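Atoms within a ligand are numbered from 1 in the order they appear, just like the ligands themselves. What you are looking at is a predicted structure, and each value in this text was computed from that prediction instead of being measured. Below, each value reflects all heavy atoms present in this structure, side chains not excepted, and no hydrogens, waters or symmetry copies.
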Amino acid sequence: MLSDFISYWNNFPKHRARVLAPSHLEELPEITNNCREIIARGNGRSYGDASLNDVIISTLKLKDPFIIDEENGVMVAGSGLLISEVLDFLIPKGYFLPVVPGTKYITLGGAVAADIHGKNHYHSSSLGAYILSLDVFDGEKVVTCNKDHHSKLFYETIGGMGLTGIILKVSIVLLKISSAFFNVTSNKTTNFSVLLESFEKNKNLGYQAAWLDIASHKSGKINAIYTYGNFANLEELDVNKMAESFTKSKEGHWSIPMVMPNFTLNKWLLKVFNFAYFYLHQPKSRIVHLKKFLFPLDGIKNWNRLYGSNGFLQYQFVIPTARFAETVELIFSEINKSKEKVYLAVLKRLGPTHNNAVMSFPLDGYTLALDFKKTKEVFILMDRLDVMVVNAGGRIYLAKDARMSAEIFSKSYLKTVSKNPKFASLLSKRLGLN
Ligand SMILES: Cc1cc2nc3c(=O)[nH]c(=O)nc-3n(C[C@H](O)[C@H](O)[C@H](O)COP(=O)(O)OP(=O)(O)OC[C@H]3O[C@@H](n4cnc5c(N)ncnc54)[C@H](O)[C@@H]3O)c2cc1C
């Protein structure tokens, strides 16, 4: 196949690469022998260069059928399946994945490689805590690994960003659910301490997140909408919803039809949107389909096109709880002193990670994801934020990173995966992992 420019969800960076899409694992040894280096690509929903290299192996055709052991709540599935496909299979059976990210359009392999976290991380940990075993192609052969056999490979592959090999099959413990609906409550505040109190009050149960308007920040004050939800019991559903209590839900059909001009999103539009979103929001409790609550951004297809052809950057960091409030005040002030604008900001509470994944992102603390347009100046701003994050004992999420330095990485990720010369990405080279 010819080389083409490939990028990820945020359209930066773009790299000329050959993408090979094997449909049988028998094809992998030959591909590997013919290439100096390769890296797996799932559905390209990371924000950066984690799966960019000259030769990329797309896993989207590696869709081994699902095997589900309903009695024990365990599923075995191919790594190229999308979370959306997995959920459409599981929900009607009354099962769910114990950890899901903010979009259902990622692959199972990409989810394991990033050791994804969800809005329930504080009490439910990251996906790695539920993996029973993995089949991994290490460049020569397929190895089945778990916590007892080939455990080094197992814990380096979970959160290993594709650097140990290609995940082919995943065996995972499922979550039994009471319905496909969520009971959701939202409220708004202008007081940051009050917002953090809500997170602390609800951290042991359910799913929670907050939207923030960073430009509204003034020492301790910020416009925020906090949302908390959990699976609804059948008694909480009305008759209509009960009839469809384990259904898939209809998708939203909004779509951004093309890459918009780079000026489409601008500070005036942002100001009006944030003002209206905050002031028109009515605090309320409601029952909604789980997909509306857990994957709200999926309601608008291709929303990344709003940022134009220049693309955008997401800056996602975690800071331990004890240092979070003071550090984030400095971070908000630093951003607002600059000319850069945050187009979307989402705050989540993370807890301890209950698996031994070597390069996993979560720490017991708060994680904030900030979307910026890609400008020359934003890189300089992010370099300054990196120092604040690392000095507070925090770190940057690799699945969202396109620009961190090797020095910042080595100060914040104290353990790294073993080198496998066959697997490398622009990210691994930038961070000094190869
Ligand atoms: C709107 C949105 C919301 C998000 N919300 C969250 C969130 O709440 N929590 C969270 O944790 N993440 C979140 N993410 C990030 C996303 O979950 C991760 O980037 C995930 O890894 C993307 O999976 P993918 O299949 O698209 O993989 P890609 O983006 O293609 O690849 C990501 C990494 O996984 C590796 N990889 C992919 N497949 C395999 C395989 N089969 N074997 C070995 N390595 C593989 C790649 O080499 C690369 O390093 C979000 C992303 C978006 C776009």
Side-chain angles (χ1 to χ4, degrees), residues 6-11 19 22 25 28 38-53 56-64 77-86 99-121 125-128 134-139 153 156-170 207 209 294-304 312 314 316 318 344 346-348 350 353 359-362 367 369 371 397-402 417 420 423-428 431 433:
I6 305 291
S7 64
Y8 284 82
W9 185 242
N10 60 324
N11 282 321
V19 182
L25 76 99
L28 286 174
I38 52 174
I39 191 73
R41 172 187 168 108
N43 204 32
R45 257 21 186 213
S46 48
Y47 290 63
D49 51 4
S51 43
L52 285 181
N53 207 343
I56 295 171
I57 308 298
S58 167
T59 62
L60 288 176
K61 290 188 183 162
L62 298 173
K63 291 188 195 280
D64 268 20
S79 65
L81 286 159
L82 297 179
I83 299 277
S84 58
E85 294 170 313
V86 173
V99 176
V100 290
T103 173
K104 56 191 179 306
Y105 298 120
I106 70 165
T107 62
L108 214 41
V112 175
D115 192 19
I116 55 155
H117 57 272
K119 296 181 177 77
N120 58 346
H121 186 273
S125 192
S126 49
L127 190 70
L134 297 171
D135 280 5
V136 181
F137 175 70
D138 69 0
L153 179 67
E156 290 193 350
T157 300
I158 298 170
M161 303 306 290
L163 298 174
T164 58
I166 301 177
I167 302 160
L168 301 171
K169 232 187 250 179
V170 181
Y207 297 68
L294 293 172
F295 314 117
L297 287 171
D298 289 348
I300 305 175
K301 271 191 192 155
N302 302 318
W303 60 261
N304 57 338
F312 63 108
Q314 188 172 99
Q316 183 173 357
V318 57
L344 182 67
V346 177
L347 183 65
K348 283 184 280 192
L350 301 183
T353 285
M359 235 166 41
S360 185
F361 164 71
T367 181
D371 285 2
Y397 190 14
L398 298 180
K400 306 285 182 71
D401 174 52
V417 298
N420 180 335
F423 297 92
S425 58
L426 298 194
L427 175 130
S428 70
L431 300 182
L433 284 164

(message) What protein heavy atom lies closest to atom 21 (O) of ligand 1? Include the residue and the distance to one decimal.
(response) G110 O, 2.9 Å

(request) State the atoms of ligand 1, each with its element, that fall below the 4.0 Å cut-off from a heavy-atom position in I39. (result) 47 (O)

(message) Does the plane of the ring in F312 sit parallel, tilted or perpendicular to the ring in W303? Use 30° and 60° as the thresholds.
(response) tilted

(message) Is there a side-chain contact between T164 and N420 in this structure, where contact means two heavy atoms from C-beta onward sitting under 4.5 Å apart?
(response) no

(message) For ligand 1, which is the ligand I care about here, please tell me if V100 has any N or O atom under 3.5 Å from one of the ligand's N or O atoms.
(response) no

(message) For the 3.5 Å polar cut-off, considering only N or O atoms, please tell me whether N43 and ligand 1 meet it.
(response) yes

(message) Minimum distance, heavy atoms only, to atom 33 (C) of ligand 1: which one of K119, R41, M161 is it?
(response) M161

(message) Please check whether G44 reaches ligand 1 - meaning an N/O of the residue sits under 3.5 Å from an N/O of the ligand, judged on distance alone.
(response) yes

(request) Consider every N or O of Y397 and every N or O of ligand 1, then say whether any pair is closer than 3.5 Å. (result) yes

(request) Indicate yes or no: does an N/O atom of A114 lie under 3.5 Å from an N/O atom of ligand 1? (result) no

(message) Heavy atoms only, cut-off 4.0 Å: how does I116 contact ligand 1, side chain, backbone, both, or neither?
(response) both

(message) Minimum distance, heavy atoms only, to atom 40 (C) of ligand 1: which one of I167, L297, T367 is it?
(response) I167

(message) With respect to K348, determine whether any N or O atom, backbone or side chain, lies less than 3.5 Å from an N or O atom of ligand 1.
(response) yes

(request) Compare T103, L350, I106, I166 and give the one whose heavy atom is closest to atom 2 (C) of ligand 1. (result) T103

(request) Any atoms of ligand 1 less than 4.0 Å from a non-hydrogen atom of A40? List them with their elements. (result) 39 (C), 40 (C), 42 (N), 43 (C), 44 (N), 45 (C), 46 (C), 47 (O)

